[in-house]
J.: 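What follows is a single structure, and I will ask about it in a moment.
Chain letters run A, B, ... following the sequence lines, proteins first, then strands; residues in each count from 1.
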2 protein chains.
Amino acid sequence: MGIVERKEREREEMRKLILEAAQKLFLANGYEKVSIRNIADEIEYSPATIYLYYKDKNELFFALHQAAFTKLIQEFAPIAQIENPFDKLVEMGRLYLKFAVANPELYDLMFIMTAPIDTLDCRNDVWEDGHHAFLVLQNVVQACIDMGLLKHNDAEQASLMIWSMVHGIVALFLRRRLSMFGDDRVIPLMEESFLLFIKTLETGL
Amino acid sequence: MGIVERKEREREEMRKLILEAAQKLFLANGYEKVSIRNIADEIEYSPATIYLYYKDKNELFFALHQAAFTKLIQEFAPIAQIENPFDKLVEMGRLYLKFAVANPELYDLMFIMTAPIDTLDCRNDVWEDGHHAFLVLQNVVQACIDMGLLKHNDAEQASLMIWSMVHGIVALFLRRRLSMFGDDRVIPLMEESFLLFIKTLETGL
DNA sequence: CAAACTTACTGAACAGTGTTTAGCAAACAA
DNA sequence: TTGTTTGCTAAACACTGTTCAGTAAGTTTG
């Protein structure tokens with residue numbers, strides 16, 4: 001009686017098929033131009049079918065947002081090799097920036113768009129992916145404090161400040177609020193601002 | 001022959017009527033639920049009429065975004081009284097944060113939504129409102145440098161770093177990425193993070 | 001004043017959106 | 001071979017932004 005197991009498996013495959021089609025269209029055209037009908041066309045099913053596997057578009061976006069988090073975490077793997085926690089912190093920031101610039105749509109989905117978060121809100125769920133990622137940062141900051149590399153002793157506060165700065169520059173860039181600096185200067189300026197921030201952590205501005 | 005003048009005046013009044021109706025609905029229901037038809041209903045005109053005064057929805061959003069900037073600048077007026085440029089900088093940050101928390105939809109329109117910026121892009125225009133606001137910050141930072149209150153000597157870089165941090169915390173909050181801290185802790189945490197940032201500017205983290 | 005022209009506005013349509021539902025055919029269980 | 005469940009879809013609903021032909025009023029001209 002392996003039928004229910006097979007059904008379960010088929011169901012998961014269908015969810016994956018939808019998700020990957022959505023991801024493909026999403027990365028190719030940007031999230032604004034991805035409609036349920038587009039995705040349905042892509043996988044050669046009716047639009048209504050998608051609703052048998054995902055409650056609504058927000059839930060689909062939430063699943064995409066989760067996939068983006070696993071990608072970010074993968075790209076963070078190399079930092080485990082770094083001994084010094086402050087160097088680790090700096091490299092985390094650099095990789096975070098790099099990820100955002102290389103995957104603007106994914107970053108948007110993870111940290112700017114409200115769509116994925118809306119499903120959490122209406123399910124009274126917590127944002128586990130985000131919380132987990134924040135705790136990774138907080139642990140590194142705590143390690144810095146423990147080794148006397150940072151004098152401020154509240155790791156949570158310090159982590160929020162650091163995340164805010166890095167997110168800030170990325171968010172301004174992705175939502176085209178740095179256009180006044182000119183297209184050719186923006187990316188270098190972002191990097192310089194990040195480096196200046198690191199220097200400021202060490203010795204003040 | 002004051003007819004063309006009167007017509008011009010009536011045109012401006014109509015633009016204002018549309019803008020204020022849009023603003024009202026916008027602040028009451030959030031931008032996602034404001035449609036051209038809603039606005040048309042509000043002012044008791046046909047939806048098509050709105051297109052005689054604004055090219056498209058983005059242009060209307062751009063006009064709203066401009067109005068929000070004049071509001072922000074108004075709220076920044078008191079900082080002119082402050083002598084010490086570093087105190088000025090701190091107060092600017094505080095007012096910026098306050099504005100964002102008090103007017104989340106306006107802040108979103110100014111610094112997060114892409115809609116208003118899209119009209120600039122397709123007109124090959126520059127973001128004057130944003131650039132002007134940034135220069136206000138940059139001037140204060142430059143004054144700090146000139147008085148030896150900040151040691152880093154590139155005011156543009158330093159300003160971008162400061163703006164990024166403050167925008168970052170606001171953007172994370174407005175897009176509900178700080179939910180893990182609990183509704184009651186978020187606002188205090190934001191303020192603490194900001195104060196920690198100021199302290200970091202002075203002496204490092 | 002009447003005719004010609006201009007302007008301001010609108011009803012209706014177009015092409016799209018997310019989402020729901022009734023119904024149908026195939027797969028399964030009895 | 002029945003009866004039941006499952007997977008899927010066509011069609012519709014209620015929206016969205018936007019365009020355009022047509023109308024009625026305002027304005028200018030003869």
J.: Can the ring centres of Tyr53(B) and Tyr45(B) be said to be less than 6.0 Å apart?
T.: no
J.: Given atom CD of Glu32(B) and atom C1' of dT17(C), what is their separation to the nearest angstrom?
T.: 14 Å
J.: Write down the distance between CD (Glu10(B)) and C1' (dT6(C)), rounded to a whole number of angstrom.
T.: 15 Å
J.: Nearest whole angstrom, please: distance from the C1' of dC14(C) to the OH of Tyr51(B).
T.: 13 Å
J.: If each of Ala48(B) and Lys57(B) is mapped to the nucleotide of DNA chain D with the nearest heavy atom, which maps nearer the 5' terminus, i.e. the 5' end?
T.: Lys57(B)
J.: Please determine, for the side chain of Ser46(A), which listed nucleotide (dT9(D), dG17(D), dT16(D)) has the closest atom?
T.: dT9(D)
J.: Please work out if Tyr53(B) contacts a base, only the sugar-phosphate, or nothing of the nucleic acid, heavy-atom cut-off 4.0 Å.
T.: sugar-phosphate
J.: Can you tell me which nucleotide in dT18(D), dT16(D), dT19(C) comes closest to the side chain of Asn38(B)?
T.: dT16(D)
J.: Could you state the CD1-P distance from Ile18(B) to dC9(C), rounded to the nearest angstrom?
T.: 9 Å
J.: For Tyr54(A) and dG7(D), what is the distance between atoms OH and P respectively, to the nearest whole Å?
T.: 16 Å
J.: So which nucleotide from dT19(C), dC9(C), dT17(C) ends up closest to the side chain of Leu52(B)?
T.: dC9(C)
J.: In whole Å, I'd like the distance from the CG atom of Asp41(A) to the C1' atom of dA10(D).
T.: 14 Å
J.: Per the atom types in the model, does the base of dG16(C) pair as donor or acceptor with the side chain of Arg37(A) at under 3.5 Å?
T.: no
J.: Rounded to whole Å, please give me the gap between OH in Tyr31(A) and C1' in dT17(C).
T.: 15 Å
J.: Under 4.0 Å: is that the gap between some side-chain N or O of Tyr45(B) and OP1 or OP2 of dA8(C)?
T.: no
J.: Could you tell me whether Glu75(A) and Lys71(A) make a salt bridge, using a distance below 4.0 angstrom between a side-chain N and a carboxylate O?
T.: yes
J.: Can you see if the side chain of Thr49(A) gets near the phosphate of dT9(D) - specifically, an N or O under 4.0 Å from OP1 or OP2?
T.: yes
J.: Using whole Å, what does the distance between atom P of nucleotide dT10(C) and atom CD of Glu44(B) come to?
T.: 11 Å
J.: Among dA10(D), dT19(C), dG18(C), which nucleotide sits nearest the side chain of Asp56(A)?
T.: dT19(C)
J.: Quick one: are the ring centres of Phe69(A) and His65(A) less than 6.0 Å apart?
T.: yes
J.: Ring centres of Phe134(A) and Phe181(B) under 6.0 Å apart?
T.: yes
J.: On the 0 to 90° scale, with breaks at 30° and 60°, tag the Phe111(A)-Tyr96(A) ring pair as parallel, tilted or perpendicular.
T.: tilted
